[in-house]
Amino acid sequence: MTPNGAIAFGLLVIAAAVVARDVMSLAVILAILLTFALASRRSILPALLWSAGIVLPLAAFMALVWVGIVGRAPHEIAAGAEGSRAAAVAYAALVCLRLFAIAFAIQALFLHFAGWTPLAFVRALTAPPIAKKLLVLTLSLIETILHAIDRARTALIAGGIITRRFSWRNLRHGWLLVQTVWLTVVVIAIGRTRDKWPIEGTLARLDGTLHAAAPRLAIADLAWGAAGLACLIAAIGLR
Amino acid sequence: MFTTPRLVAIALCAALNFAVGNVVYLVKLPIYLDSIGTILCALLLFPDRMAAICCAFIAGFIGVILSGLVINPFLPWFTFSVLAIVLVSALLTANATDTFRAQPLQPLPFFGKVVIYGIITGIVSAIISAPVVVYLFGGVTGSGSAFVVAFFLKTGERLLEATLYAGLTTEPVDKTLQVLVAALLYRATPREFIAMLRPAQPAT
């Protein structure tokens, strides 16, 4: 499977999950997603747990608000009906199932490319070169920012300006950490743009790497694309 | 429009959105702070408004896509909110760049403009986000604002109105904080970096 096909499949399935109006449609979508995840031949348990971990806090809030406080579903409020907690439960369950399908779709895509580096993934994408270059630069600068956060935090703790644990001092001087990190990465960016990259020809090399020909779609992409389309049609048809 | 320093600025601001937004999300603060880089990008590229709009939107879009892939899969649904924040930042907030960089800092105009532009950004963002929050999340996003939604629903408001009112009470506070941090970072940015982002002047 290619990244292009995976993204197309993911978008179709997510669109289907958003369009779906009942549990039956969402069950069909989840079944196809499970098959897709299993086709990666990797353990799908972490993906399921991650998706559940994202949705469970939302489910708790929804249960509290819709079932505990409001006690009726939105369509009942709109109709001015007295409503019931059972309808509120059904509504919250449907929204949570839809959110779970969206979260799991992304995790299932990750499973198929678990052995790939971000650069290899971006390189294989069919996208404008400038978009690919921006993605790679952003990923590189995220690493730079995370390193800068580590260094600045350590320096400010060593200087006694902030502490390791939550404290009023952190609240008062936390801004210094943000400012230090920003100045560090800006100075690094100036150095790279003005001196390092032109001398090393980094951007020209990056252009060459990202322009390398890659297959646009594979047979598996078409098969999974058809499955994603079937999900969307089923979700629209069952409305 | 997309010179190398501007590409770096976009990537830097997208990375800032990702890093700060994720730290806030992971420590479960009741605010978002995931558009600081977007607002900052618009400030950095002002007075070239078209470049400010394009570059800030790209920075915001990359930020929500990366955060959506790694941390919160529902963020990309707020792409139109990103666009709204960009438009307000490039067309309104960026007018205060002189005040934001004034030496010495003039507290009254500085904080006055931060609050005014923050509230406007928050109101616009709340209006654009409300339909997404209603349709995708059923009005409840897992933050403290869920209780505000519940309060308005209990008073008989419909879901869209309740979500909109809840957004209008919480978003201005969050966006004012974001404009404040963006303005302070803009103030701290070296003059040299801002000069690199200006369009190349033709030789005379």
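Worth knowing before you read on, the calculation uses all heavy atoms, side chains too, and leaves out hydrogens, waters and symmetry mates. In the text below, chain A, chain B and the rest are named by the order of the sequence lines, each starting its count at 1. What you see is a predicted model, and the numbers here were worked out from it, not measured in a lab.
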Hey, mind stepping through A:Ile102 and B:Leu136 against side chain to side chain contact (heavy atoms under 4.5 Å, CB included) and telling me if it holds? CA-CA 10 Å; A:Ile102 294 172; B:Leu136 193 68; 3.8 Å; yes
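- No other option in B:Leu12, B:Val149, B:Leu153, B:Ile62 has as many heavy-atom pairs under 4.5 Å with chain A as B:Leu12.
- The salt bridge (Lys or Arg N to Asp or Glu O under 4.0 Å) test applied to A:Arg194 returns B:Glu192, not counting sequence neighbours.
- For B:Ala188, the parts lying near chain A are the backbone and the side chain together; criterion is any non-hydrogen pair under 4.5 Å.
- Minimum heavy-atom separation, A:Val18 to B:Tyr135: O-OH, 2.9 Å.
- Interface remark: of the candidates B:Asn72, B:Ile58, B:Thr189, B:Thr189 forms the most heavy-atom pairs closer than 4.5 Å to chain A.
- In plain terms, the two heavy atoms of A:Leu183 and B:Pro190 that are nearest each other are CD2-CD, 4.0 Å.
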What verdict does the side chain to side chain contact (heavy atoms under 4.5 Å, CB included) test give for B:Phe18 and A:Ile145, after you've listed the backbone C-alpha separation in whole Å, the side-chain angles of each residue and the deciding distance to 0.1 Å? CA-CA 10 Å; B:Phe18 178 86; A:Ile145 285 187; over 6 Å; no
Stepwise side chain to side chain contact (heavy atoms under 4.5 Å, CB included) test for B:Leu7 and A:Ile130: CA-CA 9 Å; B:Leu7 289 181; A:Ile130 198 161; 4.0 Å; yes
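- When heavy atoms are compared at a cutoff of 4.5 Å, B:Leu40 approaches chain A solely by way of its side chain, counted from C-beta outward.
- In this structure, no portion of B:Leu160 lies under 4.5 Å from any heavy atom of chain A.
- Residues B:Phe74 and A:Val55 come closest through the heavy atom pair CZ-CG2, 4.4 Å.
- No other option in A:Trp175, A:Trp197, A:Phe110 has as many heavy-atom pairs under 4.5 Å with chain B as A:Trp175.
- With a threshold of 4.5 angstrom between heavy atoms, B:Phe151 does not approach chain A through any atom at all.
- Contacts between B:Leu69 and chain A at a heavy-atom distance below 4.5 Å involve backbone atoms as well as side-chain atoms.
- Not a single salt bridge (Lys or Arg N to Asp or Glu O under 4.0 Å) links B:Lys154 to another residue, sequence neighbours left out.
- Other residues, nucleotides and ligands place more than 12 heavy atoms under 6.0 Å from the CZ atom of A:Arg85.
- Across every non-hydrogen atom of B:Val70 and A:Trp50, the tightest pair is O-CZ2, 3.5 Å.
- Your options are B:Ile10, B:Leu184, B:Val8, and the one with the most heavy-atom pairs under 4.5 Å with chain A is B:Leu184.
- Under the 3.5 Å distance criterion, the side-chain polar atoms of A:Trp66 are left unmatched by any main-chain donor or acceptor of B:Val140.
- Across B:Gly68 and A:Ile106, no two heavy atoms sit closer than the pair O-CD1, 4.0 Å.
- Residue B:Phe137 comes nearest to A:Leu99 through the heavy atom pair CD2-CD1, 4.0 Å, listed as atom of the first residue, atom of the second, then distance.
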